[in-house]
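The structure under discussion appears below in the form of structure tokens.
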Amino acid sequence: MANSRFEYVKSFEQPDVLLPNTWIVVRIDGRGFHKLSDHYAFAKPNDRRALDLMNAAAVEVMKELPDLCIAYGVSDEFSFVFHPNCQLFERRNGKLVTTIVSTFTAHYIYNWSEFFPERPLLPPYLPSFDGRAVIYPNNRILRDYMSWRQVDCHINNLYNTTFWTMVLQGGMSNTDAEQELKGTVSADKNEILFKRFGINYNNELEIYKKGTVLYRQYELEEPKPTKAPADEESPVIESQQSRSQQDKIRKLRRKAQVVIDHVDIIKDEFWEKRPWILSGNP
Ligand code: DGT
Ligand code: MG
Ligand code: MG
Ligand code: MG
Ligand code: MG
């Protein structure tokens with residue numbers, strides 16, 4: 001760009017670089033999906049095709065951005081996680097969030113007709129997503145964030161499953177079902193489902209109970225054990241890694257299969273079995 005007398009306006013742009021060496025989570029959420037899901041008649045409380053479409057779009061985001069190491073989705077939201085050593089876009093907040101939101105939205109819309117062939121997308125009911133980035137300072141807090149989303153999934157799904165069973169199978173009005181569920185705990189809802197409707201909540205689909213976790217699986221079934229660095233140890237920041245090493249890691253990640261799973265991510269087991277997610281290598 002040639003120098004001109006207008007160029008000073010560039011100095012109005014503010015830096016928005018996220019703190020180095022912290023986990024970055026970009027969470028996106030469907031805008032007005034309450035209305036959108038009504039309009040396109042999503043099944044209540046869970047529409048399998050709508051969830052599969054969310055997951056398909058998220059897989060494409062993972063494939064396009066090899067820097068992502070894990071993602072978790074439930075309902076109309078998805079959390080995408082960048083490792084502390086991520087240097088993508090120099091860790092600029094705006095670049096990271098807008099790239100994820102627009103890439104996700106593009107694939108969601110592109111894939112819509114595959115999942116809902118009989119319900120064409122038409123304005124004004126076009127899906128869009130908002131997004132935000134939050135940084136977390138260590139592995140423990142990142143895992144607590146992921147646990148928070150999965151617990152939310154469980155609580156909402158148990159409530160919604162009970163509510164819609166009372167309404168759709170029990171013939172109750174929305175207000176009556178809501179009234180009866182007020183102040184109930186999990187055990188009460190399980191009991192309503194089982195005693196009144198013969199439904200064992202444990203037998204509901206895992207995708208509804210646990211949400212969806214996406215991660216990379218490497219060809220070696222048992223990858224060489226890479227110890228997740230303890231938070232106290234001096235961390236390897238990617239800018240300290242050689243460029244060739246960064247390229248190598250990116251290549252391995254690109255080649256890896258992105259797995260769609262519906263499993264517990266609160267307990268240690270998930271993370272211990274897949275140490276590369278927290279270690280960021282590869
Ligand atoms: P927002 O995010 O503030 O723009 O507003 P909403 O309406 O997107 O609200 P949010 O994100 O808190 O809640 C998600 C809505 O999406 C909720 O009303 C239920 C709906 N939704 C998500 N997945 C499904 C589904 O599988 N089936 C049905 N029927 N509705 C769903
Ligand atoms: Mg929202
Ligand atoms: Mg929403
Ligand atoms: Mg939501
Ligand atoms: Mg450009």
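Keep in mind that the numbers below use all heavy atoms, side chains included, and drop hydrogens, waters and symmetry copies. Indexing begins at 1, ligand by ligand and atom by atom, following the structure's order.
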(message) I'd like to know if Lys251 pairs up with Asp247 as an ion pair, taking the criterion as any Lys NZ or Arg NE/NH1/NH2 lying under 4.0 Å from an Asp or Glu carboxylate oxygen.
(response) no
(request) Measure from the Mg ion (ligand 3) to every N/O/S atom of Asp76 and report the name of the nearest one. (result) OD2
(request) Quick one: pull up CD in Gln257 and NZ in Lys63 and give me the separation to the nearest 0.5 Å. (result) 8.0 Å
(message) Using a 4.0 Å cutoff against the non-hydrogen atoms of Asp29, which atoms of ligand 1 qualify?
(response) 2 (O), 11 (O)
(request) Please determine if the Mg ion (ligand 3) has an N/O/S atom from Arg31 lying under 2.8 Å away. (result) no
(message) Would Phe33 count as a polar contact of ligand 1, with the cut-off being nitrogen or oxygen pairs under 3.5 Å?
(response) yes
(request) For Gly32, take its heavy atoms, then give the atoms of ligand 1 lying under 4.0 Å from any of them. (result) 1 (P), 4 (O), 5 (O), 6 (P), 7 (O), 8 (O)
(request) Just jot down the ligand 1 atoms closer than 4.0 angstrom to any heavy atom of Ala43, in number order. (result) 27 (N), 28 (C), 29 (N)
(message) Is it the case that ligand 1 has an N or O less than 3.5 angstrom from some N or O of Lys44?
(response) no
(message) Could you check, using the six-membered ring where one of them is a Trp, whether Phe33 and Tyr40 have ring centers closer than 6.0 angstrom?
(response) no
(message) Within ligand 1, which atoms have a heavy atom of Asn46 less than 4.0 Å away?
(response) 26 (O)
(request) Give yes if a backbone or side-chain nitrogen or oxygen of Asp76 is under 3.5 Å from a nitrogen or oxygen of ligand 1, and no if not. (result) yes
(request) Anything under 30° is parallel, anything over 60° is perpendicular, the rest tilted; go ahead and classify Tyr159 against Phe163. (result) parallel
(request) Check Asp29 and report its N/O/S atom nearest to the Mg ion (ligand 3), by atom name. (result) OD1
(message) My understanding is that we take every heavy atom of each candidate and find the minimum distance to atom 25 (C) of ligand 1. Doing that for Gly30, Ser37, Pro45, Ser75, which one comes out nearest?
(response) Pro45
(request) Determine whether the aromatic ring centres of Phe78 and Phe129 lie less than 6.0 Å apart. (result) no
(request) Report yes or no: does Asp130 have an N/O/S atom closer than 2.8 Å to the Mg ion (ligand 3)? (result) no
(request) Please confirm if an N, O or S atom belonging to Glu77, backbone or side chain, lies less than 2.8 Å from the Mg ion (ligand 4). (result) no
(request) For ligand 1, find out whether one of its N or O atoms is nearer than 3.5 Å to an N or O atom of Arg31. (result) no
(message) Any carboxylate oxygen within less than 4.0 angstrom of a Lys/Arg side-chain nitrogen, looking at Asp52 and Arg49?
(response) no
(request) Run the salt-bridge test on Asp76 and Arg31 with the 4.0 Å N-O cut-off and return the result as yes or no. (result) no
(message) Using the salt bridge (Lys or Arg N to Asp or Glu O under 4.0 Å) criterion, which residues pair with Glu204? Sequence neighbours excluded.
(response) none
(message) Show me the pairs that pass salt bridge (charged side-chain N to carboxylate O under 4.0 Å, His left out) and involve residues 87-98, at least two apart or across chains.
(response) Glu90-Arg92
